Amino acid sequence: MDCICEILQVLAGLLIAAVIVLVMVAHLTATVANLTRDNKEKRFVTATGAEELFPSLHDPPSIELSVVVPAYNEELRMPLMLDEAMDYLESRQKRQATFTYEVIVVDDGSKDKTTEVALRYTRKYGAEKVRVLTLVKNRGKGGAVRLGTLSSRGRLVLMADADGATKFADIEKVEVGLRDLSPKPVKDNMAISCGSRAHLQQDAVTQRSLFRNFLMHGFHFLVWFLCVRGIRDTQCGFKLFTREAALRTFSSLHVERWAFDVELLYIAQCFNIPIAEVAVNWTEIEGSKLVPFWSWLQMGRDLIFIRLRYLTGAWKLQQPSKSR
């Protein structure tokens, strides 16, 4: 019995030491939110080939809706998504005379012709409706979405994936979710509405391997335990923000890769920003950049670090500041 007690004491000591080391590593390796951008990233190309400066999210809105599309090596998948989006947006503009929009494609340092493909839509529809932000190097999906959002003009800002997995017309469902939030965000107009695939989870479980289901449930548990409560699907790439909520959350965002959605919603809940979750149509599209094991491992690590870095004060919630 004494031997067992000694072993348990040693294990407990090792566990405590491991936790201390993890906390120190999380704190010491924390980086500040990177809001800087290269001079080339401050401009977009018009339909005539001229260059103009992007506006700032700090400016008052001048249109109804901004659609931010992060894209990395998406020359093949993106046209289907943009065709569907533009058909919907143009049709809606004809139905609603006051409806105005822009699509901002953020090329996240692609090695293919993503920028060239996106610029075809600028030439077709004009730079008032389609703008391309080309990053000089790959930042990650979170970094791409943040810079696109900080360059937007809309009263509402929609994040939409380039693969077209979510039916674009479902934005109307997500807008209803935003409008029906209770309590309503009257005073500061802070609100977020998230597209959700949670209603499809049972079908997905039956189609995935046991190992992938284990990874998925493990990730969902970590999200719930460490960061975000009350949102069943934090990772759906179809999220709608009021301009005020976008400025408040993206100004504090640090994570630039897969787990950035979780940090965004963590920040929103820390600021008591109301969040709606709305079921949307979703179809798995081939060509995902997410590698099942390694991407889940990276996201799990990021979730632990998100929580520890805010707890230790390495990261702090920021009031919006101008990007440089």
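Only a predicted model underlies this, so the values are computations on that prediction, with no experimental measurement involved.
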R229 (side chain) donor-acceptor with W224 (main chain) under 3.5 angstrom: yes
Nearest-0.5 Å distance, CZ of residue R257 to CG of residue D302: 10.0 Å
Connected via hydrophobic side-chain network under 4.5 Å: L181 and I171: yes
Closest contact, heavy atoms only, A162 versus E74: CB-CG, 3.9 Å
side-chain contact (heavy atoms from CB on, under 4.5 Å) between Y266 and R307, worked out: CA-CA 9 Å; Y266 174 81; R307 186 62 170 168; 3.2 Å; yes
Shortest non-hydrogen contact between V262 and C227, atoms and distance: CG1-CB, 3.6 Å
S193: side-chain hydrogen bond (donor to acceptor under 3.5 Å, both in side chains) partners, not counting sequence neighbours: none
Heavy-atom donor-acceptor pair, S196 side chain to V278 backbone, under 3.5 Å: no
Verify same cluster id: V255, L311 (apolar side-chain graph, 4.5 Å): no
Chi angles and distances behind the side-chain contact (heavy atoms from CB on, under 4.5 Å) call for E51, F44: CA-CA 6 Å; E51 291 188 353; F44 63 91; over 6 Å; no
Ionic contact status for K167 with D170, cut-off 4.0 Å: no
Gap between atom CG of L65 and atom OG1 of T100 - 0.5 Å precision: 8.5 Å
Side-chain donor-acceptor contact under 3.5 Å, S110 with D107: yes
Gap separating the CZ atom of R309 from the NE2 atom of H254, nearest 0.5 angstrom: 9.0 Å
Side-chain hydrophobic cluster, 4.5 Å single linkage: members besides L119: V45, V132
Exam field: side chain D108 to backbone N138, donor-acceptor pair closer than 3.5 Å: no
Pairwise side-chain contact, V157 with V68, heavy-atom cut-off 4.5 Å (strictly under): yes
Nearest heavy-atom neighbours spanning G300 and L222: CA-CD1, 4.1 Å
Joint cluster assignment, L317 & L303, ILVMFWY side-chain distance < 4.5 Å: yes
Short side-chain to backbone donor-acceptor contact, E84 and F168, under 3.5 Å: yes
Exercise: identify the closest heavy-atom pair between S66 and G154: OG-N, 2.7 Å
Qualifying residues under salt bridge (charged side-chain N to carboxylate O under 4.0 Å, His left out), relative to D161, sequence neighbours excluded: K141
Neighbour count above 12 (heavy atom, 6.0 Å) for F271 CZ: yes
Y88 and Q93 side chains, donor-acceptor separation under 3.5 Å: no
Shared hydrophobic cluster for V223 and F225 (ILVMFWY, side-chain gaps under 4.5 Å): yes
Under the side-chain hydrogen bond (donor to acceptor under 3.5 Å, both in side chains) test, residues paired with T98 that sit two or more places apart: none
Distance in Å, K113 NZ paired with N73 CG, rounded so as to fall on 0.5 Å steps: 13.0 Å
pair E172-R92: side-chain heavy atoms closer than 4.5 Å: yes
Check: T122 and R131 side chains under 4.5 Å, non-hydrogen atoms: no
Same cluster (ILVMFWY, side-chain, under 4.5 Å), F221 and I304: yes
Step-by-step side-chain contact (heavy atoms from CB on, under 4.5 Å) determination, L57 to D59: CA-CA 5 Å; L57 188 63; D59 302 330; over 6 Å; no
Polar contact flag, side-chain donor to acceptor under 3.5 angstrom, N281-R197: no
Atom pair CD1/CD1 of I273 and I192 - distance to nearest 0.5 Å: 5.0 Å
Listed once per pair and sorted, the salt bridge (charged side-chain N to carboxylate O under 4.0 Å, His left out) pairs that draw on residues 145-159, sequence neighbours left out: E64-R155, E102-R153, E128-R153, R146-E256
Beyond-backbone contact of F241 with L264, side-chain heavy atoms, under 4.5 angstrom: yes
Validation row: I267, F250 side chains within 4.5 angstrom (heavy atoms): no
Donor-acceptor contact present, side-chain S56 to main-chain H58, <3.5 Å: yes
Minimum-distance pair of heavy atoms, taken over all atoms of G142 and F260: CA-CG, 3.3 Å
V174 side chain reached by V280 side chain, heavy atoms, under 4.5 Å: yes
Heavy-atom closest contact (V106 atom, G148 atom, distance): CG2-CA, 3.7 Å
K316 (side chain) donor-acceptor with G313 (main chain) under 3.5 angstrom: yes
L35 and L150: CA distance, side-chain angles, deciding distance, side-chain contact (heavy atoms from CB on, under 4.5 Å) verdict: CA-CA 9 Å; L35 301 181; L150 292 174; 4.0 Å; yes
Pair D83-Y121, side-chain donor/acceptor within less than 3.5 Å: yes
Pairs meeting criterion salt bridge (charged side-chain N to carboxylate O under 4.0 Å, His left out) with involvement of residues 258-279, two or more places apart: K239-D261
Sub-4.5 Å side-chain heavy-atom contact between T134 and E41: no
Heavy-atom side-chain proximity of L158 to L156 below 4.5 angstrom: no
Atom pair NZ (K129) and CD1 (I104), whose distance is rounded to the nearest 0.5 Å: 15.0 Å
